[in-house]
Asker: 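Let me give you the structure first, and then I'll get to my questions.
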Amino acid sequence: MSARKGSAAVLEPAVVLASGCFLWAILVQLDRGVTALAGTLAPNLPFATLSAPVAVEEAAKLCLFIAFMIAERPLAGLRLRLDPGPRSDERDVSPRWPGLALATIAVFGTFENLAYLSAFSSAGIVGRLFWSLPVHVAGAMAVIAALSSRRSLVAPAFLFAAGWHLGANALASSSPSAAVLIAGSVLSVAAIVVLSRLWFRNVVLEGIVHATARKH
Amino acid sequence: MKKLPPAVVLFHARGFRAELFRRSLLWICLSTAALSSWTAVCIVLSLPRDWQIASFLIAGSLLPALLFWPFDRIIFLGPLREADVDSIVESWLEAEGPARDVLAERLPAVERNLAAAHRGPRSRVSGLARPALVALICLATLQALSFAMLARPVLVWEGPAARADSGLRLAAEDEAARRAATGSAMTASPRTSTADEGTTAQDARRAAAIRDIESRKMNPRDIGAEIPNSGAEPLPEEGAPAQTPGAESPKPASSSGRGTTGKPDSGSGAPSSPPHDQAGDKGITGFEGSGASGLPSPLIDYQTRLFKLLSSGGGRDARASGDLGTIPFAELQRRWFSSFELETGIGPRDDPWTALLRRRWADILAKSGTFR
């Protein structure tokens, strides 16, 4: 993990924290509105009520990832100004936005879990760490990895994230048994393990370590 | 875009896994330190349990953020440059034209070096000594604090109710319960327990007496003399002298032993006993059935009993705060001490005396031929 000094060490965590909080606050309002709209327009279609907030949520995340990608250069410039360093040629200028975007999703999941805790004061909320958080993280990993080095795969990755999220929500709202919940949690964690290989290839290997090879 | 040699990919994959492992250990150290510190704060401030759950949620939710926080390039390129001293791989990636072919000839040797290169476990835990030390210090501080305040080790704060499980608090509550029990024994009428026992014993004796009467076909007039404390005066035989009003009647079972006060039965002629005690509860003090109660109000007795039962029946989890209002307390009293029969609608009790009279009367009518 990077050991940045001074104000530069605070810059990225502050941006991540603010972005995650902002995303959660926006999505709370959007989800309410979209759910009410779907219930009004299609009252006899519970699938629409279930899928509309998921689509909005994943679209908002995609917008956030693109914003992070666009802000990579200004953010790096700000970071360099905050921490000039002795020699500019020793600086690590590899893209950092994928990790920051994924951390933002983790912060968003944290706020969501805390909101659930305030609404349903129970120790069972801790189970969301194994159910909803892996769903958010897996979907974000797929989309970010696609945006990082395989732009043509962004649409399939987005569909995967939305479908994964929708399936988890539908399963959770059907009052599943404990075995189903455990199996779903294991599946989500396994998906993260598999997607970490994609993350390694697309983000770490091609995006960070040998970014210069893309020029050829 | 050049395709990286497989050995280089495998080399970086090992580095990626090692970095994830190192970050996982770092997360364990940091979350242990943070959760221990926060648990100590929760214990000191007696925060609700939700604060502890929230800390778990935050620590768990931030694991992906820590795992995939932007990787520094040097994490991967540093070991590569150590294994590839001449930077053949990086030069080959940058090279074009004839230089690329020259470097490509030297790539197989570098790949063999990379495949043989093995990162020891020390590299996986590098830089973790200080976080681990901080985590241990925080954990030890938490345990010392929990032993000092709760007299037991604590890893997860369960809210202010967890303080009730501490030895100090329990000792105080046990003392309060002991006082309540002692006060109840000192002030409450023992009629509740002894009366129940006496009723059961009386029922058994009545049933035995009825069976005896049934077997001997005695005169119903004698039944009252046979059944102890049946409540019915024995019917005088024709010509027999009437019973002396001051004669001693059979003692009820409840008065034959010791009461909860431990006061032995002083007999019917105890000078200190009030007149009503001679007829029923000898040597028993209290308001119940007494015209000279030592208690200012029966409410005190009921309250003492309620708290005693709450303490003995509820175990360590149930406590009386003493903040109960008058109306809820009265409702609890009504529900606890009210008659079970009044609420459940139990049918009339089949009194053996009445049943025997009914059977005898039916026998007489049958013998007289009324229903023939």
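The basis for the numbers below is simple: all heavy atoms, side chains too, and nothing from hydrogens, waters or symmetry mates.
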Asker: Please classify the contact of Trp97(A) with chain B as side chain, backbone, both or neither, using a heavy-atom distance under 4.5 Å.
Answerer: neither
Asker: Given side-chain contact (heavy atoms from CB on, under 4.5 Å), test Asp72(B) with Arg96(A) step by step and report yes or no.
Answerer: CA-CA 9 Å; Asp72(B) 281 349; Arg96(A) 299 175 62 83; 3.1 Å; yes
Asker: Which of the residues Ile105(A), Thr104(A), Leu117(A) is involved in the greatest number of heavy-atom pairs with chain B at under 4.5 angstrom?
Answerer: Leu117(A)
Asker: To the nearest 0.5 Å, what is the distance between CG (Leu57(B)) and CG (Leu129(A))?
Answerer: 5.5 Å
Asker: What pair of heavy atoms forms the shortest contact from Asn113(A) to Ser61(B), and how long is it?
Answerer: ND2-OG, 3.2 Å
Asker: When rounded to the nearest 0.5 angstrom, what distance separates CZ in Arg17(B) from CZ in Phe200(A)?
Answerer: 8.0 Å
Asker: Would you compute the distance between atom CZ of Phe56(B) and atom CD1 of Ile125(A) and round it to the nearest 0.5 angstrom?
Answerer: 15.0 Å
Asker: If you draw a 6.0 Å radius around CH2 in Trp131(A), do more than 12 non-hydrogen atoms from other residues or ligands fall strictly inside?
Answerer: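 Buried by this count: over 12 neighbours within 6.0 Å.
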Asker: Among Leu102(A), Ile192(A), Val107(A), which residue has the highest count of heavy-atom pairs closer than 4.5 Å to chain B?
Answerer: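 Looking at each of Leu102(A), Ile192(A), Val107(A) in turn, Leu102(A) comes out on top.
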Asker: Heavy atoms only, distances under 4.5 angstrom: which of Leu67(B), Val9(B), Leu62(B) has the most pairs with chain A? Name it, please.
Answerer: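 Of the options given, most contacts go to Val9(B).
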Asker: What is the distance from atom CG of Leu100(A) to atom CZ of Phe68(B), rounded to the nearest 0.5 Å?
Answerer: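 Those atoms lie 14.0 Å apart.
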Asker: Report the distance from atom OG of Ser118(A) to atom CG of Asp50(B), rounding to the nearest 0.5 Å.
Answerer: 9.0 Å
Asker: Are Trp69(B) and Pro13(A) close enough that some pair of their side-chain heavy atoms sits under 4.5 Å apart?
Answerer: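 Result yes, sub-4.5 Å side-chain heavy-atom pair found.
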Asker: Which distance, rounded to the nearest 0.5 Å, do you find between the CZ of Phe16(B) and the CZ of Arg201(A)?
Answerer: 12.0 Å
Asker: Tell me which of these, Leu114(A), Val126(A), Val203(A), has more heavy-atom pairs under 4.5 Å with chain B than the rest.
Answerer: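 Of Leu114(A), Val126(A), Val203(A), Leu114(A) has the most heavy-atom pairs under 4.5 Å with chain B.
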